[in-house]
Number of protein chains: 2
Amino acid sequence: MRPDARRTTLATIAQAAGVSVATVSKVVNERSDVAPQTRARVLELLHQHGYIAPVFRHAEVATNPTIEVQFDGDLKTYSAEALAGIMDAATDLGASVVVSKASRTTHWARDLVAAGRRALIAVTSVYTTAHLNALDRAGLPLVVLDPLHLPHSRVNSVGATNFAGGLAATQHLLALGHRRIGYVGGPAIAVCNQARMHGFRAAMEAASAPVPAAYVRSGEFTYQAGLHGGAALLDLEEPPTAVFTGNDEIALGLIETARTRGLRIPEDLSVVGFDDTLLARMASPPLTTVRQPIREMGSVALRTALRLANGEKVESYHIELATELVTRESTAPCR
Amino acid sequence: MRPDARRTTLATIAQAAGVSVATVSKVVNERSDVAPQTRARVLELLHQHGYIAPVFRHAEVATNPTIEVQFDGDLKTYSAEALAGIMDAATDLGASVVVSKASRTTHWARDLVAAGRRALIAVTSVYTTAHLNALDRAGLPLVVLDPLHLPHSRVNSVGATNFAGGLAATQHLLALGHRRIGYVGGPAIAVCNQARMHGFRAAMEAASAPVPAAYVRSGEFTYQAGLHGGAALLDLEEPPTAVFTGNDEIALGLIETARTRGLRIPEDLSVVGFDDTLLARMASPPLTTVRQPIREMGSVALRTALRLANGEKVESYHIELATELVTRESTAPCR
DNA sequence: CTGAAAGCGCTTACAG
DNA sequence: CTGAAAGCGCTTACAG
C-alpha cells in the first residue's frame, strides 16, 4: 500500500505513548497487568497508527485478497446467481470469497478486518448509518449489490435498470392488446421494487390505460406472496387479463393460483416475471420475464470491491447494468 | 493441536539439513541464491517437520477456522441449497466458509493449506487418486458431499439414501396403478444415479412390471436432458404413463416436452422428481418428488470437516441421511 | 503496574 | 553458493 513508509512497530507506539515497548506488547497481547488508563491510551495510539499484529499481517501480504459476501436471510436462486458472478470474477482476479449470513454484532466491522477481509459485498441487504460508520472506522470498503435503499454517494452499489425493465414489460403486454394489467410487486420500501412499479405506471399512463388501486399490490419477493397476490387480483370483479410481477418467484406463485382456478397460461392470463433466474427458464410454460444480468452484476460488484480494497477510486459510486425483456410463452394476445 | 510440542523453527530444520539458519531462511523466502540440491533437501525437511512460515500461522491461531467449499461447474439450485446448509453449521460453530470453483492446479492442495484452509468440502465433485494423494501430503482433510464415486474408506462423504428414494418413488407410481413406468436419470457413472435407478428396478421387479430397455435413459442432471429424454420416451410406440426422473431439473424438462405435445400433467402423464429443491415446490403443477435433505447434508458435511480439521476421528467415513417421498400434484392414478 | 534486560525467531548485507 | 554476524520486532521472567 505505502511501499516506502515503514510499517508501524511497537517501538513507534511506545515512544508516542511515553511507555516502554514491553508495556505496549502487553496491551497488544491483552495481558491483564496494565493500568486501565495506560491501556486506553496505548489502544488509541495503536488504532491511530494502524498497527497490525504479526498474526494478522497475512491480510496485507496475501497475494489473493479475501472478500466477504454477506447475505440477508436465505440463499435464494437470485443470490446464488449473484454469487456465481462474484465467483467468476474472483477466479479471474485471484481473490478468495468468504460467504456468511449478515449478522452485525458489536465488533462486527473490526472483526472482519482482523479476520483478513479486504472488502465487503452485501447482497440485497439493509444497512443503517451505524453500520456505515462502523465500516468507515474499520477502513473496510463496502459494495452493495442490488441495494434496497436509494443510491447514495457514501455507498458503492451495483444495480440494474429497473425502471426501464418495468416499462418494457408493461409495453410488451400493452402491445399484445392488454389494457387491464396488474402489478404484484415486492416490498414497498425496496427501491428496486419502486422503480419497477413506476416503470409499469409510466407505460400505462403513456397508453392512457387506467390502473385501479386494487390492481397494484406490494408484499414480499416470494412464491407465497405470488400465491396470495394472485388470489387477490383474480378475486376482483373485473380481474386483470395480464399481470406484471416484481420477480420470477412471485410470477410462479401467481401462476399456481391461476392454475388451481382452472385458468390457462397464457390463454386466460398473461404473466411477466422479473430477474430471469433459472426458475423462469424451467417454468411450464417458460416464463416471459425481464432479464437482470445478475451474474454480471455480481462480477462488477467483486471487481469494484477489489479496486476499493486496493485504495483505487472508482468512476461512479453507483453502476446500473441494462435489463432486457425475454419473451417466452407465458404471454399472449388479449382475447 | 500439540500444545506441549514446541513449534518447528528454522533452527531445527537447519540442524537436520546440516546447513545454517540463514540458508533455510532463504529457501523459505524463495530467494534464488541457494543451490538446487540444497533447496530440495531443505524443502523436503521443511515439509516433513510441518514448518509453517510466520505469515501463515494465523491459520493455526485462528479462533474461527476456515473451510473451503469447492463446486464443480456452476452453482445450481442443488449446490446453492447445500451451501445454505454448510453456512448454517458454519454460523453455529464460528467457522468461515470460502467458496470456489474446483480447479486443481499443480500446487493445489498445498496452496489451500498455505491460504489457511483447514479442510475441504467438495460438492458433487469428481476426484482422482492423484487428488487424494495431494490432499494427504498437504494434510488437508476432505469431505465429499453427494459423492459421484462409491463410498470408499479413504474418503469421507455425506450422501442420501438414494436407493430407498428410488424405491419409494416407483412404489408410489405403482400404487397409483401405473405399469408402464420410465426412468430418465443422470450420468450413468454417478453412484447416486445408479442407486436411484436400482431402487426403481427393484420396485418394478417386485411388482412384476416389465421394464423395456428403451424406458431407461441416462444423461445429465439438467433441464436440457429432461427435454430430450422426455421426447425420446414420448416418441415410443408404447410410451410410459409415468416417469421417474433422476432429479427435479430433469423432471421439469420432461414436463415441458409433455406440455408442448399437448399432454397434461398429471392427467396424461405422471412425473416424479428427485431432490425437492425449490424448483419442485414452485413448479406448475407442484412436483411430486423425493426429498433429499440437502441442507442438512451440507450441515453434516461442515461439522464432519471441522472435526477432521481438529484431528478428531469420525464414527463412520460415510453418512447417509434419509430421503422421503413428497406427494404433490404431478402424479395421479393411471387411467 | 512498569520497564530493563535477556532472549527467540527470523532476515539480510556482506565476506569468503 | 554459503554462513557468521549484526540487527529487527517482539515477548517474557523478573526486579522494583
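Proteins come first, then strands; the chains are lettered A, B, ... in the order of their sequence lines, and each starts at number 1.
When the P atom is compared between C/dT2 and C/dA6, the two are found 22 Å apart, to the nearest whole Å.
Closest to the side chain of A/Tyr51, out of C/dT2, D/dC10, D/dT2, is D/dC10. Side-chain proximity of B/Ser25 to D/dT2, D/dT11, C/dT12: nearest is C/dT12. With distances taken from any side-chain atom of B/Thr38 to the nucleotides C/dG3, D/dT2, C/dG9, the minimum falls on D/dT2. When distances are taken from the side chain of A/Ala22 to each of C/dG3, C/dT11, D/dC1, the shortest belongs to C/dG3. Listed nucleotides D/dC10, C/dC10, C/dC1 differ in distance to A/Thr9; the shortest reach to its side chain belongs to D/dC10.
Where DNA chain C pairs in unbroken runs of 3 or more (Watson-Crick or G-U, both distances under 3.5 Å), the stems are C:1-3 with D:14-16, C:5-12 with D:5-12, C:14-16 with D:1-3.
A side chain to side chain contact (heavy atoms under 4.5 Å, CB included) with B/Val143 holds for exactly one of B/Val155, B/Ile319, B/Thr304, B/Val314; it is B/Thr304.
Distance A/Asn29 CG to D/dG9 P: 16 Å, rounded to the nearest Å. In this entry the distance linking CG of B/Leu10 with P of C/dC10 reads 4 Å, nearest Å. Between A/Arg31 atom CZ and C/dT2 atom C1' the separation is 15 Å, expressed in whole Å. Between the P atom of C/dT11 and the CD1 atom of B/Ile13 lies a distance of 13 Å, rounded to the nearest Å.
With hydrogens and angles left out, the side-chain atoms of B/Arg154 and B/Asn133 include a donor and acceptor closer than 3.5 Å. Side-chain polar atoms of A/Glu68 and A/Ser100 form a donor-acceptor pair below 3.5 angstrom. A donor atom on one side chain and an acceptor atom on the other are not found under 3.5 Å apart for B/Ser96 and B/Arg118.
Residue contacts for A/Val19: at a heavy-atom cut-off of 4.0 Å it reaches the sugar-phosphate backbone alone, with no base atom in range.
Between A/Asp74 and A/Ser79 the shortest heavy-atom distance is O-OG, 3.8 Å.
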Using the 3.5 Å cut-off, write out each protein N or O paired with an N or O of nucleotides 14-16 of chain C and the distance between them.
none

